[in-house]
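The structure under discussion appears below in the form of structure tokens.
Just follow the structure's listing: the first ligand is 1, and inside any ligand the first atom is 1.
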Amino acid sequence: MSNIYNDINLFNELVEVLINEEVKNPVAERIDSDKLYETIDLSLNQSGMIDDEFKSVLKNVIISTPKTATNLFFNQLFGGRQGKAILGDLLAVLLNNSMYTYKVAGPQVGIEQEIIRQSCNLVGYGSNSNGTFPTGGSMSNYVALIMARDAKDSNCRHNGMSKPLIIYTSKESHYSNAKNASFAGIGRNNIRYIKADLEGRMVSAELEAQIKEDIKNGGIPTFVNATAGTTVLGAFDPIDEIAVITEKYNIWLHVDGAYCGSVIFSDKYKHLIKGVERSDSFSYNAHKMLGTPLTCSIILVNDKKQMHESFSNEADYLYQTDGDDFNLGKTSFQCGRRNDALKFWTLWKSVGAEGLEKIIDQQFELATVARDYVSTHKDYTLYSFDDSISICFNYKNIDPMLLCTTLYEHQITVVGFGSFNEDTFVRLVTINANNSKQDILNFFKVLEEFVENHSTLLNEKLVLGAEV
Ligand SMILES: *Cc1c(COP(=O)(O)O)cnc(C)c1O
């Protein structure tokens, strides 16, 4: 069997390859999906490979893989690389603990709990709060929904659904809400999609009207999902207004902060989630705004009893014993669970909460640079609003889907598109805090140069597209 040091040396060599490649080609050369298997050797065979060949296959794979850490990647709600978080994740892989028991995870349990405790303080939850690290933001929303369901109808755990539970979310919220309603046995038809205002925020008056209507018809309002940072526009639902309603009708309020909940770290921007301490649960993804490697999602629960009731598998579970506070498997969905906490902890430990605040503030500053550029340059139309790190725009009325796809196919920059109401637009996400103002201006420069040099191509494609 191979020696671990040889493998680590090879790893270091491959790191060199990747970093050099990112400088040389910030956008990886694209392989047509229908040519993938003939372009790189991905085959698994009966016999193994000699080291040199193995290394060369790995290099090919690395070089051809999309680069998400460079200054030309703006496609997703993550991007960039925080070195101290990478370090923590590499250590987590080497240590290979599973987070269910203190016996197996030791101090890693304390690391996870410290993040949760500090996060609960930032949110403003009281001493009964706690949380866990689910597999991602979608799963965090699911965990919240299950707790809400069980809080409303505790029979569900044993007998399944027997009452007409209804849940509410804005039409701009993440699609996991729909899937989760189906997984939870509530059913997609029992979701009420509440209207959003012109800036993409849930209209609380519509929420209350809908709740009244459902009660009148015998439905049981169970769960409201408010979003802190909607997926397309990056809008923040008015939590304070919504909390008034959920308190009045005794409904679980979850705040989905997967995208922008990390504003809890910023003095300047935490007002965007004002009222969050009134919620029953709150989740945020450190792998989005905070730049840790995927995945790192945290759900916090105002009353940890709810988490135990829904996720502990002991019917006669004894609440609040010392043992259970250290045996995290009692409150998780999974059995074996990856250590997603260490990478966030190494980052937080090294830069402090002030360092995390700088990461968040930098993203909003970059967003301001981009928004100012779009609104002061002719040929651009802006579709997004202040206090968002999603900058949505169109350029010279070029079809945004065509523009994004052509930029990607030519390895110019990787950026996506989105829609709100009737409009479709390019969505530039300034979530990579390693970027400078110059990198953002460079994005517009490469885009404009590309359009200038490829106007015939873009026109031809547009005409072709229109014909089919
Ligand atoms: C990204 C996102 C999610 C899903 O998170 P995953 O970690 O990708 O599962 C949920 N809600 C919002 C608002 C998001 O932006």
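- In H287, the part holding a heavy atom less than 4.0 Å from any atom of ligand 1 is the side chain.
- Considering backbone and side-chain N/O of T227, none are found under 3.5 Å from N/O of ligand 1.
- Any N or O atom pair closer than 3.5 Å counts here, and S176 shares no such pair with ligand 1.
- For atom 14 (C) of ligand 1, the nearest non-hydrogen atom of the protein is K288 NZ, 2.9 Å.
- Taking the charged nitrogens against the carboxylate oxygens, K274 and D240 do have a contact shorter than 4.0 Å, which makes a salt bridge.
- Using a cut-off of 4.0 Å between Lys/Arg side-chain N and Asp/Glu carboxylate O, R201 and E172 are scored as not salt-bridged.
- For W348 and F265, the ring centers are positioned less than 6.0 Å apart.
- For T295, the heavy-atom gap to ligand 1 stays at 4.0 angstrom or more.
- Atoms of ligand 1 lying under 4.0 Å from at least one heavy atom of H174, given by number and element, are 2 (C), 3 (C), 4 (C), 10 (C), 11 (N), 12 (C), 14 (C).
- Heavy-atom contacts of A258 reach the following atoms of ligand 1: 2 (C), 3 (C), 10 (C), 11 (N), 12 (C), 14 (C) (cutoff under 4.0 Å).
- Inspection of the S419 and T424 side chains reveals an N or O donor paired with an N or O acceptor under 3.5 Å.
- Y408 and R30 form a side-chain donor-acceptor contact under 3.5 Å, judged by distance and modelled atom types alone.
- Less than 4.0 angstrom separates some heavy atom of L77 from each of these atoms of ligand 1: 15 (O).
- Using a 4.0 Å cut-off between a side-chain N of Lys or Arg and a carboxylate O of Asp or Glu, R337 and E112 qualify as a salt bridge.
- Distances below 4.0 Å separate heavy atoms of G229 from the following atoms of ligand 1: 13 (C).
- Salt-bridge annotation for E22 and R81: present, with a side-chain N of the basic residue lying under 4.0 Å from a carboxylate O of the acidic one.
- Counting atoms of ligand 1 from 1 in the listed order, those under 4.0 Å from a heavy atom of T231 are 13 (C), 15 (O).
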Counting only pairs under 3.5 Å, give me each side-chain donor-acceptor contact of residues 82-93, with atom names and distances, residues two or more places apart or in other chains.
unit_1	atom_1	unit_2	atom_2	d
D89	OD1	R338	NH1	3.2
D89	OD1	R338	NH2	3.1

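- Contacts of T230 with ligand 1, taken as heavy-atom pairs under 4.0 Å, are absent altogether.
- The distance between the ring centers of F223 and Y168 does not fall below 6.0 angstrom.
- What sits closest to atom 11 (N) of ligand 1 on the protein, heavy atoms only, is D256 OD2, 2.6 Å.
- Listed by atom number, the atoms of ligand 1 under 4.0 Å from G137 heavy atoms are 4 (C), 5 (O), 6 (P), 7 (O), 9 (O).
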